[in-house]
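To find a chain, count down the sequence lines: A is the first, B the second, and so on, and within it residues start at 1. All values derive from a computational prediction rather than experimental measurement.
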Protein chains: 2
Amino acid sequence: MNKGNILVIDDEPQMQKLLEITLHSHGYGVRLAENARTGLALAADHPPDLVLLDIGLPDEDGHAVLLQLREWYTNPVIVLSVQSSEEDIIRSLDLGANDYLTKPFRTGELLARIRSALRTANVQDQEPITRYGDLEIDLAARMVKKGTEVIKLTSTEYALLALFVKHEGKVLTHPYLLREVWGPGYISQSQYLRVFIAQLRKKIESDPNRPMYIVTESGIGYRFIGKE
Amino acid sequence: MNKGNILVIDDEPQMQKLLEITLHSHGYGVRLAENARTGLALAADHPPDLVLLDIGLPDEDGHAVLLQLREWYTNPVIVLSVQSSEEDIIRSLDLGANDYLTKPFRTGELLARIRSALRTANVQDQEPITRYGDLEIDLAARMVKKGTEVIKLTSTEYALLALFVKHEGKVLTHPYLLREVWGPGYISQSQYLRVFIAQLRKKIESDPNRPMYIVTESGIGYRFIGKE
DNA sequence: CCAGATTATAAAGAAATTGTAAAGACGCAT
DNA sequence: ATGCGTCTTTACAATTTCTTTATAATCTGG
């Protein structure tokens, strides 16, 4: 249950440890950087969902890091600082920080501010629509389109198709499909499979007699073909 | 040089004056409300780009205001409060506040936080009315119109419809709908759903026998169709 | 190419799910 | 208390989906 990945840029070992433990125990992935240089490198390497940035870094001013980060990074940045001068706060916020918290902070408040920042930026909101030729599958909305028209699938048909999409290109054996879709008690009911495969093909294939998406592997099972 | 319109919901006359002068001199349009009721009414009437909300209001708890506001309002809300208990902060942020500032605050910081909030939340002219074909739903006013006539919905019917509208296009499962509308104890009462779906359709569908808006996904749940 | 095995398809009957009406229960305001 | 509107429950009808059967088509190995 990963709620998102957070990059912590802070040089104090105690703070690192505290943040790592706190964030990790609340379901976030954590990555640590102890100076500006590695922080920027890590951010560029695997862009995190949120950055916690200490302003007092050994090698470079935190504001400079923020400035460089904001040249391309659009997810939330929360600044942590031992200072609390108004000037510093304003400068950080105007350089693109989403929030500013003074050290020492209350961990509950930090977590709430992280939730708030992630929520409003609705990070990780990319719709997982998969496209295969003229077929369009939106797992989140549980919707399948062929060209422009929406295809109505029963829950069993959908379960079957979802399984195929999850293992695109691989051969799925009869027993495997039967167990996953119908349950362990139906492993020998291969006739079900034939009936439902036929129904699925009738709905998603342009020419059900010459299936492009769901191909038969005689004696073994079926395979879903996404692209050539 | 209007940088955006801000709604201030605060009952202290001094604070009102301070905010109005400060915000106005920095190029924001300001609207004042001295209690929860007028605050919500003003927000619904002319949705502002940002709301400054005092938690200590005379007529209603600020958190309740936040909750109601967030049923439809998506632009930033910054909470101002004389309290600074961690509990209060967390609660506000988790109810949908974008930021929390303790009174007395430094005006420079407030302005910076307002700039930050307006910058990151791509503020939009929020038309509180959503239209789907001949259906018109005003989440802020809790009003539903079909063509020109206002439709009277019970609170349960409204909760159901609001849920559908918020997740337009997605399949909402029976357990999900039951949990969200009736509570976790009703997950198995799918008959409720059938009865209320039927009632809703009778009210919003032109031909309840061939529903256009609320379609059945047999074995799974229902889906609200906004556009083709 | 043939024979046996496997797979495809249609269609009917069975089962499960969903739709609808209506009666009773409950709470709230008058 | 009374009436009204809403919620809850019940009974049954309508629809959809699943299961089963029958038969045709296709594949595989010799």
Partner set under ring-ring contact (aromatic ring centres under 6.0 Å, His included) for B:His63, not counting sequence neighbours
none
Show me the pairs that pass ring-ring contact (aromatic ring centres under 6.0 Å, His included) and involve residues 69-104 of chain B, at least two apart or across chains.
none
Quick one: is B:His174 getting a side-chain N or O under 4.0 Å of the C:dT18 phosphate, OP1 or OP2?
yes
Check the distance between D:dT8's P and B:Leu193's CG and give it to me in whole angstrom.
13 Å
Please state how far atom CG in B:Leu200 lies from atom P in C:dT20, giving the value in whole angstrom units.
12 Å
How does protein reach along nucleotides 18-30 of chain D, written 5' to 3' as B (base within reach of a heavy atom under 4.0 Å), S (only sugar-phosphate), or - (no contact)?
SBBBB----SS--
Once you round it to whole Å, what is the distance between C1' of D:dC7 and CG of B:Leu153?
15 Å
Going by distance alone, is a donor N or O of one side chain under 3.5 Å from an acceptor N or O of the other, for B:Thr216 and B:Arg201?
yes
Between C:dA10 atom C1' and A:Arg194 atom CZ, what is the distance in whole Å?
15 Å
Donor-acceptor pair between B:His174 and B:Tyr192 side chains, under 3.5 angstrom
no
Rounded to the nearest Å, what distance is computed from the CD1 atom of residue B:Ile197 to the C1' atom of nucleotide C:dA21?
17 Å
For B:Arg223 and C:dT18, what is the distance between atoms CZ and C1' respectively, to the nearest whole Å?
17 Å
Among the candidates C:dA8, C:dG19, C:dA21, find the nucleotide nearest to the side-chain atoms of B:Lys202.
C:dA21
Does OP1 or OP2 of C:dG19 have a side-chain N or O of B:Arg201 closer than 4.0 Å?
yes
Side chains of B:Lys146 and B:Ser206, donor plus acceptor under 3.5 Å
yes
Using side chain to side chain contact (heavy atoms under 4.5 Å, CB included), reason through A:Tyr213 and A:Asp134 one step at a time and then give a plain yes or no.
CA-CA 11 Å; A:Tyr213 295 118; A:Asp134 63 345; 2.5 Å; yes
Distance, rounded to the nearest Å, where B:Ile220 contributes CD1 and C:dT18 contributes C1'
13 Å
Spacing of B:Leu160 atom CG relative to D:dT6 atom P, expressed in whole Å:
15 Å
Any donor-acceptor N/O pair, B:Asp59 side chain to B:Ala36 backbone, under 3.5 Å
yes
